[in-house]
Protein chains: 2
Amino acid sequence: MSEQHPIARLIEAADKAINAEDFDTVVDLYTEDAVLVIKPGTHAVGKPAIRRAMEAIAAHFAGSLDVRQAGMTILETGDTALVLARTIVAAGNAPTVERKATYVFSKDRHGRWLCAIDNSYGHEVLDVGA
Amino acid sequence: MSEQHPIARLIEAADKAINAEDFDTVVDLYTEDAVLVIKPGTHAVGKPAIRRAMEAIAAHFAGSLDVRQAGMTILETGDTALVLARTIVAAGNAPTVERKATYVFSKDRHGRWLCAIDNSYGHEVLDVGA
């Protein structure tokens, strides 16, 4: 692809902001009532809760978190898009893991894509009781 | 769970209708511009195309298709929901496969959930060029 999908650019911007601990930028990329899967079975809902979760995750990895996508496919229709991504999570104090991430984006009234559901664990969420 | 999520009921109804080749019922469960992944890299968009794809799939399996879900998790916010499911596809003329399916549902103005993105292949879509 010669030109990147706007959602791919957003995810790239989010990864950079997460790695730089720039949480204002991160939270701005979510809808007001977005759901973030912190770990299977544990969710943060809404921008303030997502911000607190991101801060806690950064602290857990002692500022060494390095998140990036190694390939993604975007399925889009109207104001809704599903992203299937291979997400690499590296950190100085933990083994590198690859996750099969699933993100849902919604387009707001101004035509801006925002992340509504952020589940970097993919089907691992099925391994805990619903 | 004592009570089933409305989306879980819809998926159960869709599976029954697919297995019974009741395509009117199947197509009614999708949004007007829904995307169905027929196989990684090949999509049907909109109700008429989805209906034709379903008919072709049923013919391919010579009427012996048996689709069911073996566990699912629903992540929901506002008018958008992401379903992660283990989908079992069996047929008299093909080996049974388990897929890690991903479905996105949207709520319409009348509060009715409809399938907007139907990707029963999950991350297998990443294995073909985007």
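Proteins come first, then strands; the chains are lettered A, B, ... in the order of their sequence lines, and each starts at number 1.
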- Task: With a 4.5 angstrom heavy-atom cut-off, could you sort out which part of B/Glu76 is near chain A: side chain, backbone, both or neither?
- Result: backbone
- Under 4.5 Å from a heavy atom of chain A, the part of B/Val37 involved: side chain
- Message: I'd like to know whether NZ of B/Lys47 has more than 12 heavy-atom contacts from other residues, nucleotides or ligands below 6.0 angstrom.
- Response: yes
- chain A contact via B/Ser106 - side chain, backbone, both or neither, heavy atoms under 4.5 Å: side chain
Tell me which donor-acceptor pairs under 3.5 Å the side chains of residues 80-88 of chain A have, and how far apart each pair is, sequence neighbours excluded?
from, atom 1, to, atom 2, distance (Å)
A/Arg86, NH2, B/Asp127, OD1, 3.2
A/Thr87, OG1, A/Gln69, OE1, 2.7
A/Thr87, OG1, A/Tyr103, OH, 3.1

Donor-acceptor contacts, no H, no angles, side chain residues 53-68 of chain B, under 3.5 Å, sequence neighbours left out:
from, atom 1, to, atom 2, distance (Å)
B/Glu55, OE2, B/Arg51, NE, 3.2
B/Ser64, OG, B/Phe61, O, 2.7
B/Ser64, OG, B/Gly92, N, 2.8
B/Asp66, OD1, B/Asn19, ND2, 3.4

- Task: Please tell me if the side chains of B/Asn119 and B/Val125 come closer than 4.5 Å, counting only heavy atoms from C-beta onward.
- Result: yes
